[in-house]
Every structure is written in C-alpha cells, then in structure tokens.
Amino acid sequence: MARLQDPVTILKGVGFTRAKQLEGLGIRTLQDLICHFPRGYEDRTRLVTIGELEEGVPACFRAMVAGSPRAAHIRKGLDLTRVQVADHTARLTLTFFNRKFSAGQLEYGKEYIFYGQLSGDYGGYGMTNPVFEAPDSPPVMTRRVLPVYPLTAGLSNTALCKAVSQALALCDPPEEILPPQVRAEYGILPAAEAYRMIHSPASMEEAAQARKRMIFEEFFLFSAGLALLRYTREEKPGAVLTDLDLTPFYQALPFALTNAQNRAIGEIVGDFTKGRVMNRLVQGDVGSGKTMVAAAAAYLAVKNGFQAAMMAPTEILAEQHAASLGKLFVPLGIRVELLTGSLPQGQRRLVQDAMASGEAQIVVGTHALVAGSGSFSNLGLVITDEQHRFGVSQRAKLSQLGNSPHVLVMSATPIPRTLALLMYGDLDVSIVDELPPGRQPVDTFLVNESYRSRMNAFVRKQAQEGHQCFVVCPAVEENQELNLKAAETWAETLQKRVFPDLKVLLLHGQMKSAEKDAVMSAFARGDGDVLVATTVIEVGVDVPNATLMIIEDADRFGLSQLHQLRGRVGRGSAKSYCILTTQNRNVQTLERLKAFCKTNDGFQIAQEDLKLRGPGDFFGSRQSGLPAFRMGNLGTDLTTLQQAQQAAVAWIDTQGTGNTPEAEALRRRISVLFREGGPAMN
C-alpha cells in the first residue's frame, strides 16, 4: 500500500511533465490528488435513442455503425472524418475533427455507446467529436456519472480521472475525523465511503451525498478549531475590573446612547468581571455608534488603573478617533494621546515616554503602535477598529504589548451572523443594530447617463448650500476596453469643463500615504467642494459636511462595498443622498442595484451580497483569516454551516480533549489548518 504523503510520481503515467501540470493545481502528493474534488458532474447513465436526442443537450445513446468512416484532408492541420450511425429510430452523421485514428476504430456493423451533443440547422443535424465505448467494455466515458475536475493547461479531465482512480486504489483515503454520533445525527457518510463516492458516484444522489459530507467536514473542522481556540482562551486569566460605575461617562456625553449600544456595553461589563481575558467583537452598521461602545470600555479600563490602546487602519481615522475621544475624556481628567507614523520624531518620543510611564491613559494610533519601540506601563484593553483591515501579526503584536489585555474588536462591515460566527468564531459577538437618534437614512437613486446634466446641477446646488460631494470611480486610470470612469481623468474633466468655479480634489490608492492623508484632511476641513476618489475612501472617513455620494459605474462594486461607500455621507444633520450611475443593461444587475436603493439595512444588504458574490466582498483579501474552502460555499451552504458549527461546538465541549481515534485525528487536522495563523489567527 502507498501512503497519502507519497508523491504523485509513483502513479503510472505521471512523469515530470504531468507532475508539473498537477503541481499547477496544488497537487503534489496522493492526498492532494484525492482531495482535489470535482467541480461538478455529467450524468451519462441514461441512454436515449437517436430520435430522442435534443439539440444542445449532451446525452448517451446506443447505435450501430451504418457505414465505413470516410476521412478527408481539408488543409494543413485539419483532417475530417465522417461516419453514419443508426438505431431503430433514426440515422445520424458523426463528424470527427483531427481524430482520424479514434474514428477509424469504429467498425462497420458493430454497436457502440456514444456520448455527445446534437447540433445543426435547417440543413440537417449531426454530432461533432463524440466519445464512444463498446457496450461490453468497462464504463469509463459513458454509462456513468462522470466527475468534472478543475483543470490546468495541458491536463485533460480523462487524465485526471485516471490519476485519481489509481491513487484511490493504491492507498486508504484520509482518516475519519467526524465522530459516529455526529455522522448519525446529521446523516453524514463515513470518510472512506464519501471519498470513493465523490470521485466515482453510481448516481447523482451519491454525488450529492458525498459533496454534503465534504462540505460538512470542512465547516466542522474550521468551527472545531475555533472552538478549541476559544476553549484555550477561556482558560487564560484576565484582569477583573471592580469599579464599573459609568455614571460620569454617561453624564459627559452630549446625547443618550441607543438600546443597542447600552446592550453591547452591558456585555462588555459582564466580560470584565469574569476573571478571564475578554475577546469580543462589536459589529455594527455604518454610523451605529460603535466608537462610543469602545469609549465606555476604555473609560472602565482607565478607572481601574489600566491603559487602553485603540488601533485604526488609517492616520486620518486615528486622528478623528483621538480628537473625539479627547473631547470626551479630557474633561473627565483622562489623558488621550495620538501615535502615528507621521508624527515628528521628538513628539513621538514624548508620546512613547508617556505610554511607558502610564501618564498616557488612552493611546490611539495606527500600526505605529506596534512598529516602534514604545511600550505600555499597564495595558489592560486593546481595541482594533475595522479589524479585518489589519494583518494577523499586527493584531497579535498589539495584544502582546500588555500582560494578557482584554481585547475588543470593532467592525463596520455588516456580516450575516452565521458568517460572523465563522469569521470570528473564537470571539463573543455583540451586534449594534440601531442607529442613533438624529441620523437620517440616505436617499439612494439609480440613474443612467441621460441624467448627467441633472446630476451636475444637483452637485452645484449642494455646493451652493455649503455642502460637499464625493464622486467614486472604479478605476484610477483610463482603460479603453473596460470603458469605466477613471478617477484621474474624471477629476480633470469635472474641474476644467463641468465645475471650473468649484474646487475638485483627487484621491486614489496609488498616491503616497502622506499625499492621501493631506488630501483627505483638506477635504474634511472643508477645503474642497468635490472629492473624486477610488474606494480608498471606503473605510473610516468622517466628513459630516458631505451630503452627496455619487458612485460611477456602480455595477462594478459589490452591494456591501456600495453600502460602505454610502456610509461616508449622512453623518451630519443635513439631508444626504447617494446616486448610483450605470451603463449596464443586464436585468439581474439592475434588479440588484434597485434592491440596494430600497434599503439602508447593512445586514440585509450583506446577506444578499453573500448569496450573489460570496464572502470575498466582505473581507477583500486573505489577510482577513477567512478560510478558502474547497467545497463549501458560504453563500449557498449556510444550513450545512450552521449544523457543522453546532456539532463542532458541542463535540469540543464534551469530547474535544478525549483520546478517541476521531478526536486525535481531528486535533491533528486542526493543528495543520491553524499552523500558519497560530493562536492569533483571529
């Protein structure tokens, strides 16, 4: 018997070239090959007659060769072979291009099983390049459910099928990690059976059963890993906060908090009393007031003798947080400092000294908090804003600046709860699902180019009333093929031809960091009427005076991204608007955008986006920590995900530290899965 870790080169027909092709698919070992699952199946089990063939529908049929193959050389590099076949219902001409040898194997008067697709017009119907087998031969290309694999250049589906069959015959499939009681409760196949069925199902029902097993296993494995992570973190002692009186904090606020904010603060207070490290996600829609929830947590940390650190993804957002927290806390006798990369060296050293002495009680910053040599005297609370924007190592590093500090994560990216539990499965989740009083919903409209002059007039009207406007473009530079609005040329057009009397600013991701910050700060101060930008403004820009958001070529963005962009306006007391433009005429695309215009509920939008586009649109890149599943689809397999999460958490709680074969195998697989991210994966 071969071993799963043996290289694919031990297989017959897999030499250097084929091994290189397989490596292009991430396949190096027999286990990689066995775990390279089909992306779909072709049901070739049902035989029809020639008379029952439908144009454009692939099918299997049994027919006799009714004449000898006739070959013709058309031109260099093109040979054509025709042969007639027949059954009791009709005759059919088969045409083979550059398959003279294959077609020559068809013997006059003999029957074969063919598989192909009928095509034709008023001149007659035929079939091109069908595959065929003798009726008494083993079913390889016909009379079976054929798996269809993800492929790469030079590698055919037939070659991959043969390689997988060999691998399954040579070694046992990966070991069982799902406990018998879990398989029984959720109707899940055993591993050995599932691995055979997924590559060689006897029916489409078997293929569906095998797929269900693999999807469930993926979700179970990841959820169990997060549950184990939570289990180890819950054993980690954390500082108990005893002075929990928030009255002075509430009295300092110029407004009353919403019920949702109070609920989240109550959950944080509960965490502070448990004697273990808090790991909590505060998730809320754009403008829901998560920062005030974090401020309450920071206030309690300081009251109990600890320091608090807040890390923001951009300098301008860090500056805004430092300013708003300073305004709130300085009257309460709490010192707030800002630490960013652009601070002059002398000023940065003063802040770092204040951190080390404990005089700086709340420190707001960017990655500069973890990049320099600064250290905290007694860091008790770590807050990260827009958590998924940071690399895993940066978040872990910030936590390591203190002695097991409490951790509070904030995210303004609305995520359906099921996905949030997967994404942040080792965290407790608080959802702030209520907008503060006074925040008006943003009116959203979808228009085409015929409305351009009216739109320009509306921009001018907003400017005349003293307000500002964002214009978001999907591209930085012009691309003739894509025909999209490009920020650079559109900003120039608006300034020179459309609004010569207004001040138009430009902001995009290819600009240097200092330049971006300067433009954004200028716009936030009111020094500019129109800001033309790419999605670099998506997160954390607070310009209360901006009342209009125009998103050009809106069909190029996901719904969640559109919602984040729309959240840049409506932050002041004036009525705000969002206008989506598109030249796309696709019915589904227009319906999607119209649906977006009807709601301001980020969670509802996120659920819809998850179905349409998958999870990538929420997190943007692999640094998010979201796993890349081979089989599971986070948009369509939510029921299986929920079942696997429930089963995994229950299993870890009761049996996860046991020594059964499944528990040991599961821990080994979890170890491999989490090795790169380690305990800081989330």
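Both backbone and side-chain heavy atoms feed into the values below; hydrogens, waters and symmetry mates do not.
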Q. Any ion pair linking Glu175 and Arg668 (charged N to carboxylate O, less than 4.0 Å)?
A.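 Looking at Glu175 together with Arg668, the answer is yes, because their closest N to O distance falls below 4.0 Å.
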Q.
Please determine whether a side-chain nitrogen of the Lys or Arg among Glu217 and Arg669 lies less than 4.0 Å from a carboxylate oxygen of the Asp or Glu.
A.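 A salt bridge links Glu217 with Arg669.
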Q) Does a side chain donor of either Arg144 or Thr45 reach within less than 3.5 Å of an acceptor in the other side chain? A)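 Judged by distance alone, the side chains do not pair up.
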Q) Do Thr599 and Asp601 have a side chain donor and acceptor closer than 3.5 Å? A)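 Not at all, the side chains of Thr599 and Asp601 share no donor-acceptor pair under 3.5 Å.
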(Q) Run Arg143 and Cys60 through side-chain contact (heavy atoms from CB on, under 4.5 Å) and show every step you take. (A) CA-CA 7 Å; Arg143 299 158 294 156; Cys60 270; 5.6 Å; no
Would you check if [X] and [Y] make a side-chain contact, meaning some heavy-atom pair closer than 4.5 Å?
X      : Y      : value
Phe96  : Pro69  : no
Glu107 : Val65  : no
Leu281 : Ser411 : yes

Q: List in chain and number order the residues that pass side chain to side chain donor-acceptor pair (under 3.5 Å) with Thr142, two or more places apart in sequence or in another chain; answer none if no residue qualifies.
A: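 Checked Thr142 against side chain to side chain donor-acceptor pair (under 3.5 Å); matches are Glu133.
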**Q.** Under the side-chain contact (heavy atoms from CB on, under 4.5 Å) test, residues paired with Gln588 that sit two or more places apart
**A.**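 Partners of Gln588 by the side-chain contact (heavy atoms from CB on, under 4.5 Å) criterion, ordered by chain and then number, come out as Asn586.
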Q) Taking the six-membered ring for Trp, are Phe132 and Tyr115 ring centroids under 6.0 Å apart? A)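 For Phe132 and Tyr115, the ring centres are not under 6.0 Å apart.
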Quick one: side chains of residues 21-32, donor-acceptor pairs under 3.5 Å with protein atoms, not counting sequence neighbours, listed by atom name and distance.
{"residue": "Gln21", "atom": "OE1", "partner": "Arg18", "partner atom": "NE", "Å": "2.8"}
{"residue": "Gln21", "atom": "NE2", "partner": "Gly154", "partner atom": "O", "Å": "3.3"}
{"residue": "Thr29", "atom": "OG1", "partner": "Gln31", "partner atom": "N", "Å": "3.4"}
{"residue": "Thr29", "atom": "OG1", "partner": "Asp32", "partner atom": "N", "Å": "3.1"}
{"residue": "Thr29", "atom": "OG1", "partner": "Asp32", "partner atom": "OD2", "Å": "3.2"}
{"residue": "Gln31", "atom": "OE1", "partner": "Gln5", "partner atom": "NE2", "Å": "2.9"}
{"residue": "Asp32", "atom": "OD2", "partner": "Arg28", "partner atom": "N", "Å": "3.0"}
{"residue": "Asp32", "atom": "OD2", "partner": "Thr29", "partner atom": "N", "Å": "3.1"}

